[in-house]
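These numbers come from a predicted model, not from an experiment.
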Amino acid sequence: MFNDCFLLPGEPAQFDPTFNGPIKKRGCTDIICCILFMVVILGYIGVGILAWLYGDPRHVLFPRNSTGWFCGIGPNKDKPHLFYFDILKCASSVNILVTSLNGLQCPTTQICVEKCPSTFWAVSPVDYMPGKSVNEVFNQSLCVPSLDLKTTKLSLQDFVCVTNLEIFLLIYDGKCDFLLLTGFSGLVVAMVVSLLFLLLLRFIAPVMIWLIIIGLLASGAYGIWHCYWEYDNYKQQSASITDVGFTTNFQTYLQVQETWLAILIVLCVVEVIILLTVIFLRTRILIAIALIQESSRAIGHMMSSLAFPLVTFVLLLVCVSYWGATAIYLATSGEPIYKVVALNSSHGGCSSITGNVTCDPQTFNSSHYPECPSASCIFISYNEEGLFQKNMFNLQIYNAVAFLWCVNFVIALGQCTLAGAFASYYWAFTKPDDIPMFPVGASFLRTLRYHVGSLAFGSLILTLVQIVRVILEYIDHKTKSAQNPCARFVLCCLKCCFWCLEKFIKFINRNAYIMIAIYGKNFCVSAKNAFSLLMRNVIRVVVLDKVTDILLFFGKLLVVGGVGVLSFFFFSGRIKLPGDTFRSETLNYYWMPIITVVFGSYLIAHGFFSVYNMCVDTLFLCFLEDLERNNGSLQKPYFMSRNLMKILNKSNKQAK
C-alpha cells in the first residue's frame with residue numbers, strides 16, 4: 001500500500017472496453033488503515049464510557065449553589081435557577097482566586113431560586129436605621145438556606161442575602177415567535193435562491209463569466225484613462241517624487257506626476273496580461289463554462305444530492321457533541337474539592353482564612369468561624385489522584401485526536417459519495433436514460449462497504465498535519481511574550497508552511513476520493529493517478545478552478561447579500577405588511593436577528609455550493625479521463641456532452 005505512494009506519474013489512461021462508469025466489481029481497499037480506524041473508534045467509545053462512569057453528569061446538567069446542593073433536583077427540585085449575589089466579584093476576583101487556589105468558582109454566594117427576580121431593589125440608608133429588623137429588609141427566598149430571618153441575631157452588615165438586584169427584562173413570547181418565524185422564512189428564501197441559482201447556471205453561466213471578464217477589462221481601461229488624465233494634469237507642476245520624500249500623508253503622493261505614471265504603467269501591464277490570457281485561453285474558458293453548465297444539468301437529474309449535506313451535517317454534529325460531552329465528563333471525573341474561603345476579605349476577622357482548609361459544603365456551618373461571617377465553603381477543583389485522574393491529560397489528547405480524525409473522515413465520506421454519484425452521471429452514454437437508479441444512495445453504500453480504509457487513510461494524513469498546526473499555535477500562544485524576532489520569524493514560517501501543506505493535502509485528498517469512487521483502487525494509487533492526470537492538464541485545472549471560484553463567490557454574494565438586505569428592510573420596519581405594527585413598536589434591537597439570518601443563509605449557500613463544487617471537480621476529472629481514453633470512434637466513443645465536443649472540435653462517429 002505504501003510503496004504505491006512513491007510511484008512516478010504514469011502514462012495517460014488507456015482505453016478499457018469494459019469501463020462504463022464507477023466500477024461495480026471492486027474489493028476492500030486499505031484494510032490495515034480500516035482496522036486501525038476501527039480500533040481507534042472502539043478506544044474512543046471506551047474513553048467515552050469511562051468518562052461517563054467517573055464523571056458526574058449533574059455537574060454539567062445542573063447548577064450548584066454555595067452549599068454544594070444542585071439546583072433543580074433533590075431538595076431544590078422546585079428551584080432550577082442559580083442566582084449570584086454579586087456577579088461583579090466573578091470578574092474582579094477570578095484572577096486572584098485562580099492564582100491562589102487554582103479555583104473555578106466565582107467567589108460570591110450563590111443560591112437556588114425558583115425564578116430570577118424581575119424588579120429592581122437595593123438596601124437604602126433608611127434600612128440601616130435603628131429599630132429596623134432584618135426580616136423587614138431582606139427576602140427569605142434570596143438568602144442562604146441555612147439562614148432564618150425570623151430567628152437570626154446578625155446585624156444588617158453581616159448579612160448573607162442579596163443587597164442589590166438587577167432588573168431582568170422579560171421578553172414577550174409573541175416577539176420570540178415572530179423572530180423565529182421570520183428568521184425561518186429568511187432561511188427558506190436563502191435555500192430557494194441557492195437552488196434556483198444552481199439550476200439556472202446552465203443558462204446564465206456564460207453570460208455571467210463574460211460579463212465579469214468584460215467588466216474587469218473595462219475597469220482596467222477606465223483606470224488607465226484616469227491615471228493618464230491625472231498624469232497630464234500634474235504635468236505642469238515642478239514638484240517631483242524626490243521633493244516629497246518620505247511622508248505618512250498618502251495624499252501628498254497623489255499630487256506628484258511620477259505617482260500617476262507608475263500606477264499607469266502597472267495598470268497597463270495588468271491589462272495586457274489579462275487581455276492576452278483571455279485571448280490565448282479562450283478555449284479553456286469555454287471548456288470551464290461548459291463543465292459548469294453540465295454540472296448544473298447533473299444536479300438537476302440528481303436533486304437528492306442537494307440533500308446529502310444534511311447527512312454530513314448530522315454526522316458532524318454527532319462528532320462534535322460526542323467530543324464536547326466526553327471532554328466535559330473527563331474534566332469532571334474526579335471528586336470535587338471544596339475549601340473555606342472568605343467572600344468578604346475586607347472584614348477584619350477574615351485574615352486567618354487562607355483557603356487551605358477543605359470542607360464539605362453540605363455540612364459546612366459558618367458559625368464555626370464567628371470572627372468571619374462571610375466564610376463559605378466553595379468549589380475549587382476536582383481531585384486528580386488515582387490512575388484514571390492522573391492520565392486525564394492523555395485521555396483529553398486522545399479525545400481531541402480521535403475527534404479530528406472522525407470529522408475529517410465524515411467530510412471524506414461525503415465527498416466520495418457525491419463523487420460516485422456524479423461520475424455515474426458523466427459515464428452514462430445516453431443521458432438521462434442510462435443514469436442508474438438512486439445514484440447517491442448506491443454510491444454511499446458502495447463507499448461504506450469497500451472504502452472505509454481509504455477514506456480513513458486520507459483523513460489520517462490530514463489529521464496529522466492539523467495536529468502539527470495546533471501544536472505550533474499552542475507554542476506560539478505560550479511563548480509569544482518571550483520570543484525574540486528571529487524565533488517569531490521561524491515560527492511564523494513554520495505555521496505558513498503547514499497551512500499550505502494542509503491546503504495541498506485537502507486538494508490531493510479531494511481528487512483521490514473522486515478516483516476511488518470511480519475505479520475502486522486504494523488511496524495511494526488513486527491520489528497518484530489523480531495528481532498525474534491534473535498535472536498533465538495543469539492549465540485547464542487553473543482556469544476551471546478560478547472560473548468556478550468566481551461563479552460561486554458571486555452566487556454566495558447574491559444569496560447572502562440579497563437575504564441580508566431583505567431581512568434588514570424587513571426587521572427595521574422599512575418594509576411593512578398590511579396591518580403590521582409589531583416590529584416598529586416592539587423590536588428595539590433588530591441587528592441580532594439580521595446577523596442570525598445572514599449567518600444561516602451563508603451556511604445554507606455553502607452547503608448547496610459545496611455539492612456543486614464537488615460536481616464540477618468530478619465531471620472535470622471524468623472529462624480528462626474521457627479525452628485520454630476515447631477518440632470518438634465507434635469502438636471508443638466520447639461520453640462528454642455535445643457542447644464540450646463542439647468546443648474541442650470533436651465528435652462521435654455514427655454507425656452507418
Side-chain angles (χ1 to χ4, degrees), residues 197 200-201 203-293 489 492-493 496 499-500 503 537-562 564-565 568 598 602 605 609 613 616 620 647-649:
F197 181 82
L200 291 176
L201 272 179
F203 307 110
I204 64 176
V207 178
M208 286 188 63
I209 292 299
W210 289 116
L211 282 178
I212 293 171
I213 293 175
I214 293 173
L216 185 61
L217 291 172
S219 300
Y222 171 77
I224 292 172
W225 173 82
H226 182 77
C227 290
Y228 178 78
W229 182 76
E230 293 284 356
Y231 170 78
D232 190 62
N233 285 341
Y234 291 106
K235 204 173 192 179
Q236 307 300 327
Q237 295 187 6
S238 58
S240 64
I241 194 71
T242 56
D243 299 328
V244 174
F246 177 77
T247 178
T248 57
N249 187 5
F250 185 73
Q251 292 294 329
T252 306
Y253 292 109
L254 297 180
Q255 299 173 3
V256 178
Q257 184 183 21
E258 286 89 341
T259 302
W260 292 106
L261 178 61
I263 300 175
L264 175 64
I265 294 173
V266 171
L267 286 180
C268 288
V269 172
V270 173
E271 184 81 356
V272 170
I273 291 175
I274 295 176
L275 186 60
L276 292 177
T277 301
V278 172
I279 292 174
F280 289 104
L281 298 181
R282 63 187 183 280
T283 301
R284 290 178 171 84
I285 295 175
L286 291 174
I287 292 174
I289 294 174
L291 284 171
I292 289 171
Q293 291 177 296
F489 174 75
C492 183
C493 291
C496 180
W499 179 85
C500 295
K503 294 295 182 183
N537 300 271
V538 64
I539 298 180
R540 287 173 176 167
V541 173
V542 174
V543 173
L544 178 69
D545 183 64
K546 296 309 170 188
V547 171
T548 305
D549 287 345
I550 291 174
L551 274 180
L552 295 185
F553 171 76
F554 278 94
K556 290 181 180 179
L557 187 65
L558 172 66
V559 175
V560 178
V565 171
F568 170 77
V598 168
Y602 174 80
F609 292 168
N613 205 0
V616 172
F620 181 56
I647 294 172
L648 296 172
N649 293 322

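- Between Trp210 and Ile285, the closest side-chain pair of non-hydrogen atoms falls below 4.5 Å.
- Summarising the local packing, CH2 of Trp499 is surrounded by 12 or fewer heavy atoms from other residues, nucleotides or ligands at distances under 6.0 Å.
- In this structure, CD1 in Ile204 is found 10.5 Å from CG in Leu211, a value given to the nearest 0.5 Å.
- Nearest heavy atoms, Lys556 versus Ala605: CG-CB, 4.5 Å.
- Taking CD1 of Ile550 as the reference point, atom CE of Met208 lies at 9.5 Å (rounded to 0.5 Å).
- Taking both residues in full, the closest heavy atoms of Leu286 and Ile647 are given as O-CD1, 3.4 Å, listed atom of the first, atom of the second, then distance.
- Distance check, rounded to the nearest 0.5 Å: CD1 of Ile212 to CZ of Phe553 gives 9.5 Å.
- Using a 4.5 Å heavy-atom threshold, the side chains of Val541 and Phe620 count as touching.
- The two residues Glu271 and Gly220 make their nearest non-hydrogen contact at OE1-CA, 3.3 Å.
- Summarising the geometry of Ile213 relative to Val278, their closest heavy-atom pair is CG2-CG2, 3.8 Å, with the distance given to 0.1 Å.
- Between the CD1 atom of Ile289 and the CD1 atom of Ile292 there is a distance of 7.0 Å, given to the nearest 0.5 Å.
- No side-chain heavy atom of Trp260 sits less than 4.5 Å from a side-chain heavy atom of Asp232.
- Ring orientation note: the planes of Tyr222 and His226 are close to parallel, at an angle under 30° on the 30°/60° scale.
- Test Leu544, Val543, Asn537 against Arg540 for side-chain contact (heavy atoms from CB on, under 4.5 Å) and you get one pass: Asn537.
- The shortest non-hydrogen separation linking Ile263 to Cys227 is CG2-SG, 3.4 Å.
- For the atom pair Tyr231 OH and Ile224 CD1, the distance stands at 15.0 Å (nearest 0.5 Å).
- Here Ser219 contributes atom OG and Leu267 contributes atom CG; the two are 10.5 Å apart, rounded to the nearest 0.5 Å.
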